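Structure first, commentary second.
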Protein chains: 2
Amino acid sequence: MNNYTELLRQHNLKATPQRLAITDILNMHGHVSIEFLYEQMLNKFNSISLATIYKNINIMLENAFVQEVKIPHSKSVYELTKEVHSHLVCDNCGAVQDITVPIHTILEQTDNTQEFEIKSASVVFTGICKECKN
Amino acid sequence: MNNYTELLRQHNLKATPQRLAITDILNMHGHVSIEFLYEQMLNKFNSISLATIYKNINIMLENAFVQEVKIPHSKSVYELTKEVHSHLVCDNCGAVQDITVPIHTILEQTDNTQEFEIKSASVVFTGICKECKN
DNA sequence: GAGATAAAGGAAAAAAATTATCTTTTATAT
DNA sequence: ATATAAAAGATAATTTTTTTCCTTTATCTC
């Protein structure tokens, strides 16, 4: 029993081999698209269907086991839920990295005369990653 | 000749009646989904096809006449391009508002040890709007 | 550990979203 | 006014995502 079995169960998800594999791929790659996930899964389960990928990602989203990252001008990627954080996306290679942004400070400096009660922030920076600069 | 004819042309877009109508709808509603835009357009052009909506939104995106706003847990909306700004999205009613965030200040306060060259930021706050609080 | 059961997987189809094709119409430059 | 490139309309085709139905399996209980 690896460590993700219990984590899946804590999110009301049965620990099937397929889900453990999805979890491993997410853990290994950090941020993955549906297509990439499907391709990787095919290596282990040669008859897995895309519907199973979608069904799992959807139920994992519902149970907050994974999060969707919506990226400007690009397809969404999915990641295991962890501490709140933001993202850096490379315009050149598409790589996605995590970054911590002081949301609290931002809110203090933002003029919110609109009386909108802000609960969370989704921040995606785009630019050029270290590797692509060289 | 209303004021959007010239603006369309400046973006290398022919000022067709359909495009002027799309522009009016975007201007009037601020942020609209593809479906909403289609429904509104049907009022004026009873035989317009969804393909025309997509073709126009896509070419308007390419020519930076409109921008796509990707919203967590929801479908994208589109807006006329204006000064750089961020968005507030109400979890309750789905309304989208503009807000100005001091991105520059954020960057100064963000620890970017990853040597990532940030060029732009997409920020979407979610919470409860003024109307839904009452 | 064996049996019961609710949930998950596989396969295929269906539905929804998006893009492409081809012909007709039209905005715009000349 | 005419020529022309681009856009619209009408489908059709693709792509993406969801659903259905039947089989398999993870997990709970004994």
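Everything quoted here is computed from the prediction, not taken from an experiment. Here is the naming used below: chain letters follow the sequence lines, and residue numbers restart at 1 for every chain.
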If I compare all heavy atoms of Gly30(A) with all of Glu79(A), which pair ends up nearest, and what's the gap? O-CB, 3.3 Å
Output the rounded distance in Å from OH (Tyr78(B)) to P (dA17(C)). 12 Å
note: Arg19(B), atom CZ; dA8(D), atom C1'; distance rounded to Å ~ 9 Å
Side chains of Val124(B) and Leu88(B), heavy atoms from C-beta outward: is any pair under 4.5 Å? no
Nucleic acid contacts of residues 56-67 of chain B, taken as heavy-atom distances under 4.0 Å to DNA chain D: Asn56(B), Ile59(B)
Distance-only, no hydrogens or angles: does the Asn46(A) side chain make a donor-acceptor pair with backbone N or O of Leu42(A) under 3.5 Å? no
Is a side-chain donor-acceptor pair under 3.5 Å present for His73(A) with Asp91(A)? no
Encode nucleotides 20-30 of chain D as B, S and - characters from 5' to 3', where the letter depends on protein heavy atoms closer than 4.0 Å: B to the base, S only to sugar-phosphate, - to neither. B-----BS---
List for me each residue that meets side chain to side chain contact (heavy atoms under 4.5 Å, CB included) alongside Lys133(A), sequence neighbours excluded, and say none if there are none. Ile128(A), Glu115(B), Glu117(B)
Just how far, in rounded Å, is P of dG9(D) from CG of Asn46(B)? 10 Å
Could you give the CG-to-P distance, from Leu42(A) to dG10(C), as a whole number of Å? 10 Å
Interatomic distance where CG belongs to Leu8(B) and P belongs to dA7(D) [whole Å]: 11 Å
Flag, side chain of His31(B) to backbone of Val77(B), donor-acceptor distance under 3.5 Å: no
For Lys14(A), enumerate each residue passing the side chain to side chain contact (heavy atoms under 4.5 Å, CB included) test, keeping only those at least two apart in sequence or located in another chain. Thr16(A), Arg19(A)
If you measure from CD on Glu108(B) to CD1 on Ile106(B), what distance do you get to the nearest 0.5 Å? 10.5 Å
Tyr38(B) OH to dG9(D) P: how many Å, rounded? 10 Å
Atom CD1 of Ile22(B) and atom C1' of dA8(D) are separated, to the nearest Å, by 11 Å
Sub-3.5 Å donor-acceptor pair from the side chain of His85(A) to the main-chain atoms of Glu83(A), do we have one? yes
So, does Asn56(A) use its side chain to make a donor-acceptor pair with the main chain of Thr52(A) at under 3.5 Å? yes
Considering just the side-chain nitrogens and oxygens of Ser49(B), establish if one lies under 4.0 Å of OP1 or OP2 belonging to dA10(D). no
Rounding to 10°, can you tell me the angle the first-five-pair axis of the helix from dG1(C)-dC30(D) to dT30(C)-dA1(D) makes with its last-five-pair axis? 50°
Per-pair distances, 0.1 Å, donor-acceptor, side chain in residues 59-72 of chain B, under 3.5 Å, sequence neighbours excluded:
unit_1	atom_1	unit_2	atom_2	d
Asn63(B)	ND2	His11(B)	O	2.9
Gln67(B)	NE2	Thr81(B)	OG1	3.0
Glu68(B)	OE2	Ser76(B)	OG	2.6
Lys70(B)	NZ	Ile71(A)	O	3.2
Lys70(B)	NZ	Ser74(A)	O	2.5

For Leu50(A) and dA13(C), give me the distance from atom CG to atom P, rounded to whole Å. 16 Å
